[in-house]
Each structure stands twice: as C-alpha cells, then as structure tokens.
Chemist: 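Just dropping this structure here.
Keep in mind that this is a model prediction, so the values were computed, not measured. One-based numbering, in listed order, for ligands and for the atoms of each. All residue numbers in this chain count up from 1 along the given sequence.
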Amino acid sequence: MRNPRILILDRSFELLGQVGEVAEELRPRPEVVSCDRIDQVGELLCDGEPFDVLVAGPSLGDQAGLARLQVIHDDLPGMSIVLAFSHRPHAHLRDLVRTGALDLLQLPVHHKQLRESLERAIEVSASLRAAVPVTLAAPAPEWPSLVAQPRALGQVFTVASATGGCGKTFMATNLAYFLAHHSGKRVCVVDLDLQFGEVSTALRLKPRYTIYDALQREDDDAADLADHFEEYLVGHETGVQVLAAPKDPSEADRVSPPDVTKVIDAARKHFDYVVVDTPSALTEIVLAAFESSERLFVMATLDLPSVRNLGVFLNTLEKLKVPTDNIRLVLNKAESDVGIEVGQVEKLFPQGFEAVLPYAKEVSRSINLGMPVLASSPGAEVSRSMVPTMATLLPAEARSRIALPAPPSHGQRLFQRLFHRPQPSIS
Ligand SMILES: Nc1ncnc2c1ncn2[C@@H]1O[C@H](COP(=O)(O)OP(=O)(O)OP(=O)(O)O)[C@@H](O)[C@H]1O
Ligand SMILES: [Mg+2]
C-alpha cells in the first residue's frame, strides 16, 4: 500500500509544522508537501503521484481562493479538501460548499482535532479513489490560470455608440469570435455595460461571477487581480471568454474608472485580444476604456437621432482631447426606404464608415442560438460585410488566410446603388 500524500496550500508555513507533527503519528505515515506559490499548484497537482488530501490555509479564505479550490475540486474530485482558516471567510456559504471541503477547521486548531480531520480525509480519499481517478488526464479549461506564464500584453478594441440598440453587443461578440477563429489566439470580452450588460445573454452564457466579484477581492492589489482574473470568466463554446457585467444593476455604481483600467490591464495580461462592450453613453467608465484601447468602433444606425448623436459623440471626444485617429465608424442595420440613405449619412462624416452592415434576420436567429452570426450564418450578407473591417485587426499572416468577400453580385450592386442614391440634406 502506498503512503498517503498531503498537500498544504498556504502562503505562510504555520500549518506545515502542525500537519507534519500529526503526520509523524499516522500509519502509514503520510508524505507532506507544502506549496506557498499559486503558480506551482497546477504543476504539483498535475505531475507525479496524486495527493490524497489538500489542506487549504487562511490565504485561500476569500472568494477568489474558494473559487480556485472549486476549480481544483471539480478536476480532482477524489482528493479530499480540508479548509483551515483563522476567520470565517468573506464569502457566501455556497462558495464554501462548492469547494467540496470535508472539514472546516478554525485556526489555531487543537492537535487531536487536526489528527481526526486528516485521518478522515485520508480514508474518504482512499474510498473515493477506488471509484474516481485522481490524476488529471489533461489540464481543464480553467487550469491555465493556475499555471499562467508571463505573456505579451494583448490588444484592446472597444465598441461604443451614442444611442442604444445600435448593435454594440452584436459587434463586440462577433468581433471576439472573428479574432479567436482567425487568429487561433486567446480572446476575452469585457462587458462594461455595467447596468444592463447583455454579452452573456447574446452568447447564452450563465456566468457564475461578474466584473463586480472580480473587483471585490479582499487583496486590493492590481497584480493580485491579474493573477486571479481568469477565475471570474465564463467560457463560450467558440473559445471566447467573457467577463460578465454585474448581475444587479445597483452594483454598477461601485465600479469606478480606475477599476476599469485595472480590469482591462488584467485582461490583456491573459488574452491576446480584449474586446470591450460599453453602454450607450459617454461616461467616465467608457472614457477609461477608450484610454486603454488600440481601436475604437463607434456605431450608429440609419435613423436621424442615431446619426445626430453620432456627430455629438465625436465632437465631444474631440473637446475632451481624446485622440480620434483610432476611431472607426460602423453603420448598422442599414435598410432601404427608411427615409435616410447611406449616401446622405456618409456625407456628414468625412472620415467615412469603415463598414455598412445591412439589417438582417440572421442576426435575431444568431442571438436565439447564442452564437455570433459570423459562426451561425457565415455566408450571410451581414457577416460578409463585417469581415473586411475586422480583418484589419489581424496580423498580416492570419489576414492573408482569410477569403475576403467576392465582389458584390448583380443583386448586391443594385442594393448598394439603391442605398447610395443622392438625397436631400437631413440636417
Ligand atoms: N444588423 C442587424 N440586423 C438585424 N438586427 C440587428 C442587427 N444588429 C443588431 N441587431 C439586433 O438589434 C438589437 C440591439 O442590438 P445590440 O443589443 O447589439 O445593440 P446595443 O448597441 O448593444 O444595445 P444597447 O445600447 O441596449 O446595449 C438586438 O436585438 C440585435 O439582435
Ligand atoms: Mg449592448
């Protein structure tokens, strides 16, 4: 019979001495290993002999620590977890339960109590091991957060508009999918529409945590947020990861512009591309996102209020001395016979529209499927119209592999001519 193995996970070494003393008395005598660096845990648990018991010390006693234990428990259900905290953690009872812990010890703990707890944990693990394999066949999707390597900072692209319903969320989710699909790199969407964010709804995701939880970390240190960033994300089947908006709109007020910078900085440490969705307003939060962005897509639809407000939006940015050379305009839901033509609107904005996207029923269908339209209907006109502008964001080598849309067919040319028909001024 092999000797049991106990892993102590804590930043301080206090627990190690006590567990070591207990281990001396147990037969067979367990091997005790201690780890104080979270970036070593993945390797320790994945490589070599499995551990029977994980003792989590006080430094895991917050919401993020419990989230990390939950990931470990989900991947290694045969390993017993014992929590040894000095205080009751600042977390919901549910978060504690979800770690699957067998016992919760209050430190300082009596020798006898610790011994009983470890004996039981070893026994439970032995019987579970008979039923459940305790080694990881391959790292789980969340695992890279535990063994993250230093990486170059990702690029940030933000989608904004002056009026609601212009298609920001539609654009943001499709852009994220496009970048992930064509670059093969890691992409994250940060939903900064803090009150009514809909990125998770558009992708049919059920986030466990949100940006609000990420900012609730007890350890108010930007480096710490970056270390734990991925624990707060929810993944879509396309590989795109999402940091969701708060569940309760009242939590939105507690997110400040410096928080936004901190979150985006953390995101770009983990992801090659960070796409930011925003509310339809020029708030301090949105301006903080602009400051971190390499490219800004400003959207409008083909109606008078939206077009007028696009002008106000751009003028305001100029007044605020926000650099405008990285801004690209996108006109969405373009339809004929709505009283304004694309040609008229283009005349009002000398920088021009980088993309004009038609109104398309495929978009509603894609939302109902929880898939970006680029994935659900790649051949649709609306998808094809998005490609050229999104392709400019890819590295040249990835761009060269994309088949850009063929020249417009006769029917499409007719459609465009109808749109571009000269019209009287609308101002
Ligand atoms: N090109 C399009 N064709 C048809 N429907 C579209 C198109 N673009 C977006 N929509 C639909 O319009 C609605 C609003 O789009 P979306 O939620 O992306 O806009 P938004 O700018 O994020 O809105 P909000 O300001 O409320 O956040 C959604 O139901 C979406 O499916
Ligand atoms: Mg939106």
Side-chain angles (χ1 to χ4, degrees), residues 157-178 189-205 207 210-211 236 240 242-247 249 252 260 275-283 285-286 289-290 296-303 305-310 312-313 327-338 340 342 345 353-390 405 412 415-416 419:
F157 308 129
T158 294
V159 186
S161 77
T163 36
C166 288
K168 295 180 293 299
T169 304
F170 156 72
M171 176 79 177
T173 48
N174 276 281
L175 177 58
Y177 166 75
F178 178 89
V189 183
V190 175
D191 193 347
L192 281 190
D193 187 353
L194 298 171
Q195 282 194 308
F196 302 110
E198 297 247 285
V199 172
S200 342
T201 316
L203 295 176
R204 285 204 160 195
L205 297 171
T210 71
I211 185 171
H236 185 256
V240 170
V242 173
L243 180 63
K247 288 180 184 149
V260 167
V275 179
V276 181
D277 191 13
T278 62
S280 44
L282 207 43
T283 60
I285 297 282
V286 176
F290 289 180
L296 190 57
F297 291 100
V298 184
M299 311 212 31
T301 45
L302 202 51
D303 57 88
S306 186
V307 170
R308 283 223 169 102
N309 283 327
L310 173 62
V312 175
F313 189 96
I327 294 179
R328 300 291 180 274
L329 306 186
V330 176
L331 195 60
N332 189 23
K333 302 191 195 178
E335 281 184 292
S336 55
D337 293 331
V338 290
I340 316 178
V342 174
V345 177
F353 285 86
E354 191 161 89
V356 176
L357 313 178
Y359 188 94
K361 64 180 182 316
E362 288 90 346
V363 176
S364 310
R365 203 182 299 142
S366 80
I367 303 281
N368 293 333
L369 289 171
M371 286 298 272
V373 74
L374 278 170
S376 59
S377 306
E381 169 75 16
V382 65
S383 303
R384 291 153 49 85
S385 315
M386 270 187 264
V387 171
T389 185
M390 292 182 178
Q412 287 160 354
F415 177 81
Q416 284 172 358
F419 271 151

Chemist: Could you check atom 18 (O) of ligand 1 against the protein and tell me its nearest heavy-atom contact, residue, atom and distance included?
Modeler: Phe170 N, 2.8 Å
Chemist: Can you tell me which residue and heavy atom of the protein come closest to atom 6 (C) of ligand 1, and the distance to 0.1 Å?
Modeler: Val363 CG1, 3.5 Å
Chemist: Could you tell me whether the side chain of Phe313 reaches within less than 4.5 Å of the side chain of Ile327, counting heavy atoms only?
Modeler: no
Chemist: Is a side-chain donor or acceptor of Arg204 paired with a backbone partner of Asn368 at a separation under 3.5 angstrom?
Modeler: yes
Chemist: Return yes when at least one protein heavy atom is under 4.0 Å from atom 29 (O) of ligand 1, and no when none is.
Modeler: no
Chemist: Kindly say whether Thr169 contributes a backbone atom to a donor-acceptor pair with the side chain of Thr173 at under 3.5 angstrom?
Modeler: yes
Chemist: Please report which non-hydrogen protein atom sits nearest to atom 17 (O) of ligand 1, along with the residue it belongs to and the distance in Å to one decimal place.
Modeler: Thr169 CB, 4.0 Å
Chemist: Are the side chain of His236 and the backbone of Gly370 linked by a donor-acceptor contact shorter than 3.5 Å?
Modeler: yes
Chemist: If hydrogens are left out, which of Ser383, Gly165, Ala162 has an atom nearest to atom 26 (O) of ligand 1, that is, the closest non-hydrogen atom?
Modeler: Gly165
Chemist: Could you check atom 8 (N) of ligand 1 against the protein and tell me its nearest heavy-atom contact, residue, atom and distance included?
Modeler: Asn332 ND2, 2.9 Å
Chemist: Given 3.5 Å as the limit, does a donor-acceptor pair link the side chain of Ser383 with the main chain of Ser377, or not?
Modeler: yes
Chemist: What residue and heavy atom of the protein are closest to atom 13 (C) of ligand 1, and at what distance?
Modeler: Lys333 NZ, 3.8 Å
Chemist: Kindly confirm or rule out an N or O of Val382 lying under 3.5 angstrom from an N or O of ligand 1.
Modeler: no
Chemist: Among all protein heavy atoms, pick the one closest to atom 27 (O) of ligand 1 and tell me residue, atom and distance.
Modeler: Asp193 OD2, 3.5 Å
Chemist: Is the Mg ion (ligand 2) less than 2.8 Å from at least one N/O/S atom of Thr278?
Modeler: no
Chemist: With a 4.5 Å heavy-atom cut-off, do Val387 and Leu374 have their side chains touching?
Modeler: yes
Chemist: Under a 3.5 Å distance rule, please check whether Asn174 uses its side chain to pair with a backbone N or O of Val373 as donor and acceptor.
Modeler: yes
Chemist: With atoms numbered from 1 as shown, which atoms in ligand 1 lie under 4.0 angstrom from a non-hydrogen atom of Gly164?
Modeler: 25 (O)
Chemist: Taking 4.0 Å as the limit for heavy-atom contacts, which would you say applies to Pro358 with ligand 1: side chain only, backbone only, both, or neither?
Modeler: backbone
Chemist: Pick one of side chain, backbone, both or neither for how Asp277 approaches ligand 1, counting any non-hydrogen atom pair under 4.0 Å.
Modeler: neither
Chemist: Answer side chain, backbone, both or neither: which part of Ile367 comes under 4.0 Å from ligand 1, heavy atoms only.
Modeler: side chain
Chemist: Does a side chain donor of either Ser306 or Thr163 reach within less than 3.5 Å of an acceptor in the other side chain?
Modeler: yes
Chemist: Tell me whether Lys333 contacts the main-chain N or O of Asp303 through its side chain, where contact means a donor paired with an acceptor under 3.5 Å.
Modeler: no
Chemist: Give me the nearest non-hydrogen protein atom to atom 16 (P) of ligand 1 as residue plus atom name, then the distance to 0.1 Å.
Modeler: Gly167 CA, 3.7 Å
Chemist: State the NZ-CG distance between Lys168 and Asn332, to the nearest 0.5 angstrom.
Modeler: 10.5 Å
Chemist: For ligand 1, which atoms, with element, lie under 4.0 Å from some heavy atom of Lys168?
Modeler: 18 (O), 19 (O), 20 (P), 21 (O), 22 (O), 23 (O), 24 (P), 25 (O), 27 (O)
Chemist: Determine, using heavy atoms of Ala360 and all atoms of ligand 1, whether some pair is separated by less than 4.0 Å.
Modeler: yes
Chemist: Can Glu354 and Thr389 be counted as having a side-chain donor-acceptor contact under 3.5 angstrom?
Modeler: yes
